[in-house]
Amino acid sequence: MTSRPLTAPRALRAALLGLALSVGAAGMAALPGIAAAQGLFDPVVKVNGAAVTRYELNQRTELLKLLRAPADPARLAREQLIEDRLKSQAAAAQGITVSDEQIAAGMENFASQGSLSADQMIALLERGGVSRETFEAFVRSGLIWRELTQARFGARVSVSEADLERARAAIQDGTGVRVLLSEIIIPFEGPGEERAMAKAREISELTSTGAFSAQARQVSATRTREAGGRLPWQPITQLPPVLRPLVLGLAPGEVTDPLPLDGAVALFQLREIQETEVPEPSYSAIEYAAYYIPGGRTPEALARAAQVDAQTDTCDDLYGIAKDQPENVLERGTKAPGEIPNDIAISLSRLDPGEVSYDVTRANGQTLVLLMMCGRSLAIDGASQSATPSAEGEEAGDNTAQLSQQIAARRMESFANGYLEQLRAEARIIEY
């Protein structure tokens with residue numbers, strides 16, 4: 001899950017406003033007993049050799065509890081700290097730093113979302129057992145990532161009038177948007193990444209649907225390759241969050257920039273876009289199963305995946321397939337669309353309940369992942385991962401400047417999320 005420490009949705013504002021009450025309950029009992037604790041500064045994770053200590057993990061967990069994080073605070077804290085190390089390492093490699101003044105301003109900005117000053121928020125956090133240094137590190141990571149992604153992708157983010165028109169159409173009451181896409185997923189292993197990215201950049205310049213389909217038949221790893229990568233009509237709300245702003249920014253015939261995935265790079269071409277009279281449903285959660293097959297994309301592993309596909313019709317059937325095998329060979333769960341890894345989310349977006357795909361790998365390409373869609377939960381009262389600009393943007397109506405900023409921000413977020421996933425896939429992460 002990608003952390004966004006400098007954003008402030010309504011839930012965060014409410015959390016900050018209620019912080020005083022939260023720390024009243026937590027009190028000094030949450031303060032870590034540094035002297036008494038054993039191994040408090042031992043590493044719990046190492047990211048490319050950089051340690052995350054148990055103290056840092058405890059502190060971030062307490063911070064997220066006080067901010068009423070919607071996920072499990074301990075799990076989210078671990079994920080955020082791993083990402084923090086990846087972000088700081090990438091920034092250091094590019095010579096990007098942030099000043100003390102920027103950090104102080106960031107802390108003030110964050111606290112102001114709850115009508116607090118930075119000093120007031122620090123005092124409340126310290127009463128709840130969270131140090132000033134922990135808050136500073138939390139804010140610093142967000143600032144460094146913003147500077148890095150702006151430097152890396154800023155020149156590639158622009159918003160045209162056509163983009164604005166498509167976005168306006170997508171948020172009109174009583175209408176929906178559906179798209180006709182073609183896809184190419186180019187897999188790679190180890191040193192093959194540079195070659196795959198070079199090929200992807202070459203394909204991204206295409207404007208002919210025929211040329212794109214010809215490339216799909218040659219290099220794509222998906223089951224759609226025989227159809228030239230062509231996908232059927234899909235509601236925009238069914239696409240993964242990472243794809244929606246990218247697709248809305250395309251004109252027919254245009255191709256997305258290469259999207260880094262775990263062990264692969266993806267490209268999508270827009271063939272057609274339509275406004276529909278009936279709003280498309282939005283989804284708040286997706287239930288899916290993942291069955292892991294050793295061998296990666298070898299003929300034997302692909303044959304096993306095809307065999308499992310032929311023997312199953314529902315997610316429940318996979319329990320019989322996995323019987324007497326190690327427990328971790330089958331995983332099943334329900335996640336919000338934004339919590340699903342990009343490569344898995346892209347693969348699931350093609351599926352109806354009971355259908356499978358097996359174009360995703362793990363363990364550096366050594367394990368093939370058979371994915372089955374179990375079901376999608378409809379959002380109620382719009383409480384979903386929006387396919388279009390946020391609720392706050394909708395309240396702003398036809399404010400062109402705000403809409404343009406939202407489209408640009410979402411494109412930047414998509415680039416940043418893909419980049420972070422790439423950094424994580426390339427990293428050596430050891431958890432203790």
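Aromatic ring pairs are classed by plane angle as parallel below 30°, tilted from 30° to 60° and perpendicular above 60°; the pair Trp145 and Tyr419 is parallel.
With respect to the salt-bridge test (charged N to carboxylate O, under 4.0 angstrom), the residues Lys65 and Glu62 qualify. Using a cutoff of 4.0 Å between basic side-chain nitrogens and carboxylate oxygens, Glu56 and Arg78 are not scored as salt-bridged. Salt-bridge formation is not detected for the pair Asp359/Arg223: no Lys NZ or Arg NE/NH1/NH2 atom is positioned less than 4.0 Å from an Asp or Glu carboxylate oxygen. A salt bridge is absent between Glu272 and Arg178: the closest approach of a Lys/Arg side-chain nitrogen to an acidic carboxylate oxygen does not fall below 4.0 angstrom. Salt-bridge formation is detected for the pair Glu287/Arg332: a Lys NZ or Arg NE/NH1/NH2 atom is positioned less than 4.0 Å from an Asp or Glu carboxylate oxygen.
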Item checked: Candidate pair Asp262 and Ile344, rule side chain to side chain contact (heavy atoms under 4.5 Å, CB included), full reasoning -> CA-CA 9 Å; Asp262 187 349; Ile344 291 177; over 6 Å; no
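Between Lys87 and Leu420, the closest side-chain pair of non-hydrogen atoms falls below 4.5 Å. For the pair Phe268/Leu246, no side-chain contact is recorded, criterion being any heavy-atom separation below 4.5 Å from C-beta on. Under the 4.5 Å side-chain criterion, counting only non-hydrogen atoms from C-beta, Glu421 is in contact with Leu261.
When atom types are taken as modelled, the side chain of Gln234 and the backbone of Ser349 share a donor-acceptor pair closer than 3.5 angstrom. Not one N or O on the side chain of Glu431 forms a donor-acceptor pair closer than 3.5 Å with the backbone of Val45. For the pair Ser220 (side chain) and Arg217 (backbone), a donor-acceptor distance under 3.5 Å is absent. Asn58 contributes no side-chain N or O that, together with a main-chain N or O of Tyr55, makes up a donor-acceptor pair within less than 3.5 Å.
Annotation: the span from Asn417 atom CG to Leu259 atom CG amounts to 9.5 Å, rounded to 0.5 Å.
Within a 6.0 Å sphere centred on CZ of Arg195, heavy atoms belonging to other residues, nucleotides or ligands number 12 at most. Around the CZ atom of Arg428, the shell of radius 6.0 Å holds no more than 12 heavy atoms that belong to other residues, nucleotides or ligands.
Inspection of the Ser377 and Ser284 side chains reveals no N or O donor paired with an N or O acceptor under 3.5 Å. Between the side chains of Thr224 and Glu183, at least one donor-acceptor pair of N or O atoms lies under 3.5 Å. In summary, the side chains of Gln325 and Tyr291 do present a donor paired with an acceptor at a separation below 3.5 Å, with no hydrogens or angles considered. In the model, Gln59 has a side-chain atom that pairs as donor or acceptor with a side-chain atom of Ser131 under 3.5 Å.
For Phe138 and Phe110, the distance between ring centers is under 6.0 angstrom.
Pairing each heavy atom of Leu370 with each of Ala305, the nearest pair is CD1-O, 3.5 Å.
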Return a table of donor-acceptor pairs under 3.5 angstrom between the side chains of residues 88-97 and protein atoms on other chains or two or more places apart.
from  : atom 1 : to    : atom 2 : distance (Å)
Ser88 : OG     : Asp84 : O      : 3.2
Ser88 : OG     : Arg85 : O      : 3.0
Gln89 : OE1    : Asn48 : ND2    : 3.0
Gln89 : NE2    : Val47 : O      : 2.8

